[in-house]
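Here is the naming used below: chain letters follow the sequence lines, and residue numbers restart at 1 for every chain.
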Amino acid sequence: MSDQVTDEQLARFMAAAQSGAGDAYAALLKAILPRLRAMIRNRRRFLSEADIEDLVQDTLVSLHSVRATYDPSRPFWPWLFAIARNRLADGARRHARRSANEVSVPEYPVTFSAEEANWDAEGYGDPEILREAIDRLPAAQRQAVDLLKIKELSLREASVESGMSVGALKVSMHRAMTTLKKALRKS
Amino acid sequence: METDELISVLARTSAPVQPLPSPWLRAMVWLALSLVYAALVTLMMGVRPDLLAMVGDSRFDIEQGAALATGVAAAVAAFAATIPGYDRRVLLAPVPPLTLWLGSLGQGCLSAWMTQGAAGLELRSDWLCLPAMIAAGAVPAIAIVLMLRRGAPLLPHTTVALAGLAAAGIGNFALRFFHAEDASIMVLVWQFGTVVLLTGVSAALGRRVLCWRTMPLDRARGD
């Protein structure tokens, strides 16, 4: 579209925009968009499309804030490009200042790779080994695991179910966990 | 926000604006205001008794003309600096009158030294200069800053330095009508020195005085 719009037309659009004609202003901004985007992309080849679009928008907003400085008797593009160059330079300055104040920290993994540190966090490992280890537990411990961990009953419910006291269930459960940890570590 | 959406927000919220007159015209408006103020300050401080004699002195006339021309040229350059796409060579406009001013003061120092020897370059304290020139340049400084803020802050430090030079030039122009100090070395150090100081301070304040004041888009969108 920008190729079809002459400088004189843009000057007329801009003069209309200065007198408050929203339609002319929207037409002008849409007409200049491809050439403005190309100019910014050309000068900032290393930036992503999203960053280029941010700079385009920054330039449009800046154009808007100083639209009174446009003199319709003067060419439009040098006026716009002067604003765009200034915003690009400001953007580069902001970026340099931000990078100078930032400390680059390498991204640490949330957990550590050492095996002993991950043992609890990584669950029970192979479920088949765990099942066999549970089968090998003494009957009272196996029952405690079955009721409290597999069926997920509360201590009171498990006590009613098994006829064992709450204290005895706790002891059996604790012993079962110790036994299972040992068994799994060995495997 | 997508760019198309931004365009429709800008178009919807664009109020009519008065295009800025040319930098020359704006500088003339500023000059008229500044000269009225300078005349008031001179009358308030009391015109120096030997003014009529001084007006006939060619060195005084050259230096006053150069100070005024520096002020005007700096104002034109400052206004032009806020117009995107304006020829940047205009920023050098204050250089010729400034050179003439400095040259006249230098030549005055030289001739005082040749006629009176070291006594001709005796430097005394003249602290009145600084507050007097600030007082004489205050309204021109405020006026030019307010006018510049309607433009684009493309070169904030240079623009505000030029504005400081313009106001200090007018301030010095007024000062010499009520402050009877004409020894070239004194004018050079205390008065021209104050002009340089005020220009330097203005340059440092550049970005605080002139910055992009863009529309808060979120507010515009949520209208």
As an exercise, state the distance from [atom1] of [X] to [atom2] of [Y], rounded to the nearest 0.5 Å.
X: A/Leu60; Y: A/Ser65; atom1: CG; atom2: OG; value: 11.0 Å
X: B/Leu154; Y: A/Thr69; atom1: CG; atom2: OG1; value: 7.5 Å
X: A/Asp90; Y: B/Trp212; atom1: CG; atom2: CH2; value: 8.0 Å

Self-check item: From CA spacing to verdict: side-chain contact (heavy atoms from CB on, under 4.5 Å), B/Leu105, B/Gln191
Solution: CA-CA 11 Å; B/Leu105 290 172; B/Gln191 298 183 17; over 6 Å; no
Engaged part of [X] at the chain A interface, taking heavy atoms whose separation is under 4.5 Å:
X: B/Ser14; value: both
X: B/Thr82; value: backbone
X: B/Arg207; value: side chain

Self-check item: Proximity breakdown for A/Ser19 and chain B, heavy-atom pairs closer than 4.5 Å
Solution: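 For A/Ser19, backbone heavy atoms alone lie under 4.5 Å from chain B.
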Practice problem: Heavy-atom distances under 4.5 Å only: say whether A/Arg87 touches chain B with side chain, backbone, both or neither. | Solution: side chain
Quiz item: Out of B/Pro16, B/Gly85, B/Pro84, which one racks up the most heavy-atom pairs below 4.5 Å with chain A?
Solution: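 It is B/Pro84.
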Quiz prompt | Leading residue by heavy atom contact count with chain B [cutoff under 4.5 Å; candidates A/Pro72, A/Ser62, A/Pro75, A/Ala17] | solution = A/Ser62
Quiz item: Of the listed residues (A/Gly20, A/Ala68, A/Ala82), which shares the most heavy-atom pairs with chain B below a 4.5 Å separation?
Solution: A/Ala68
Quiz prompt | Sidechain-backbone polar pair: B/Arg26 side chain, B/Pro21 backbone, donor-acceptor under 3.5 Å | solution =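 Side chain of B/Arg26 to backbone of B/Pro21, a donor-acceptor pair under 3.5 Å: no, none is there.
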Practice problem: Kindly say whether B/Asp61 contributes a backbone atom to a donor-acceptor pair with the side chain of B/Gln64 at under 3.5 angstrom? | Solution: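 No: the side chain of B/Gln64 does not pair with the backbone of B/Asp61.
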